[in-house]
Amino acid sequence: MEDFIRGMPKVELHLHIEGTLEPELLFELAERNGVMLRFGSVEEVRAAYDFADLQSFLDIYYEGASVLLEQRDFYDLTWAYLVRARADNVRHTEIFFDPQTHTDRGVPFETVIEGIHQALKAAESSLGMSTRLILCFLRHLSAEAAMATLEHALPFKDRIVAVGLDSSELGHPPSKFADVFARARAEGFRAVAHAGEEGPPAYICEALDTLAVERIDHGVRCVEDPELVARLRSEAVPLTVCPLSNVKLRVFNRMADHNLGRLLELGLAATVNSDDPAYFGGYITDNFLAVHSALGLGREQYVTLATNAIEASFIDQDRKAALRAELDEYMWS
Ligand code: ADE
Ligand code: ZN
């Protein structure tokens with residue numbers, strides 16, 4: 001089964017590009033850009049990746065991003081992820097980026113998006129992958145700051161498929177960003193939001209009702225509200241679940257406690273993703289393998305998870321059909 005999981009063609013829908021910054025690249029970029037780090041070695045950095053909750057992770061994640069200054073840095077970061085994802089047989093990936101993490105440090109929006117975009121173009125031509133980019137607003141910052149970020153993004157509309165919402169969830173309900181999301185949708189962006197990771201099921205309802213999102217990132221706390229579960233099932237709302245992240249950030253104590261199998265039993269459109277793989281101990285295949293060793297789902301369920309991701313992606317019907325055909329062929333080979 002492990003070999004089946006490794007070889008399975010995959011689609012990734014929940015991946016923060018800043019969360020793919022491996023400690024080795026962190027040091028390389030720090031040196032290249034003359035940025036002082038408070039860590040002395042890769043081992044010391046890895047040892048610091050012991051999180052009590054989402055906030056304790058975010059503090060170190062924003063600190064790590066301080067080495068990203070030039071277009072080339074964003075290119076190198078993105079390219080390293082794409083090569084790694086290709087090795088996991090990722091065929092299509094939808095990547096989040098957090099522009100405010102960079103623009104608030106004085107890095108121009110253009111520098112960030114140009115570096116990422118050039119790497120995505122290179123992956124399309126030389127790795128045979130398709131890609132999409134999703135701009136996330138930081139929810140611990142104001143709605144006005146999010147609106148200003150959206151304005152920055154408008155000249156680059158053709159490079160960004162959707163807007164999303166991430167960072168500290170508790171105390172920052174989706175409704176805070178209703179106007180920004182309405183404007184983004186009017187401009188033609190699709191919409192997703194993190195909800196129900198640490199926050200209550202009510203935040204998932206709010207994301208659907210006040211932001212009109214098409215997917216929920218995480219969403220694992222939906223099971224606490226049976227009416228919401230019924231709604232997510234009947235509206236076929238995809239959930240981009242990140243198993244290793246959930247254990248690292250103590251949403252679940254152990255992988256054996258994870259509710260991914262339950263979500264599938266409930267008929268929900270769950271998918272498996274890596275969130276911030278450099279910080280949480282693994283890329284998408286590692287997530288599938290960790291789920292397999294703790295929950296022992298069957299081959300049919302792994303294929304369902306992969307199929308759900310194809311259906312939930314923001315690619316056109318022809319590309320979806322090609323990915324479905326490849327997965328089908330893999331299953332029967
Ligand atoms: N930013 C990066 N990873 C995140 C997560 N898992 N939840 C919220 N914000 C994030
Ligand atoms: Zn996330």
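Ligands are counted one by one from 1 in listed order, and the atoms in each one are counted from 1 as well.
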Compare all side-chain heavy atoms of [X] with those of [Y] and state whether any distance is below 4.5 angstrom.
X	Y	value
Glu198	Gln55	no
Arg105	Leu69	yes
Arg159	Leu120	no

Could a heavy atom of [X] be found less than 4.0 Å from some atom of ligand 1?
X	value
Phe57	yes
Gly19	no
His218	yes

How does [X] reach ligand 1, if at all, at less than 4.0 Å between non-hydrogen atoms: by side chain, backbone, both, or neither?
X	result
Phe96	neither
Asp217	neither
Asp98	neither

message = Short of 2.8 Å from the Zn ion (ligand 2), name each protein N/O/S atom, waters not counted.
response = His14 NE2, His16 NE2, His194 NE2, Asp275 OD1
For Phe137, ring-ring contact (aromatic ring centres under 6.0 Å, His included) partners two or more places apart =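 So Phe137 forms a ring-ring contact (aromatic ring centres under 6.0 Å, His included) with Phe181.
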query = Of Asp166, Asn273, Asp276, Thr240, which meets side chain to side chain donor-acceptor pair (under 3.5 Å) against His14?
reply =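 Exactly one pass, corresponding to Thr240.
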Do me a favour and list the nearest non-hydrogen protein atom to [atom] with residue, atom name and distance?
atom	value
atom 9 (N) of ligand 1	Ser167 N, 2.8 Å
atom 6 (N) of ligand 1	Asp275 OD2, 2.7 Å
atom 3 (N) of ligand 1	Asp276 OD2, 2.6 Å
atom 1 (N) of ligand 1	His16 CE1, 3.6 Å

Does [X] have its ring centroid less than 6.0 Å away from the ring centroid of [Y]?
X	Y	answer
His292	Tyr302	yes
Phe27	Phe39	no
Tyr203	His218	no

key: Sole residue of Phe97, Phe109, Tyr62, Phe74 in ring-ring contact (aromatic ring centres under 6.0 Å, His included) with His102   =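 Output: one option passes, namely Phe74.
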query = Just by distance, with hydrogens left out, do Asp53 and Ser56 show a side-chain donor and acceptor under 3.5 Å apart?
reply =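 Present: a donor and an acceptor within the cut-off.
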Lys/Arg-Asp/Glu bridge criterion (N-O < 4.0 Å) met for Glu22, Arg46 =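 Judged by the 4.0 Å cut-off on N to carboxylate O distance, Glu22 and Arg46 do form a salt bridge.
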request  = State the atoms of ligand 1, each with its element, that fall below the 4.0 Å cut-off from a heavy-atom position in Glu197.
outcome  = 5 (C), 6 (N), 7 (N), 8 (C)
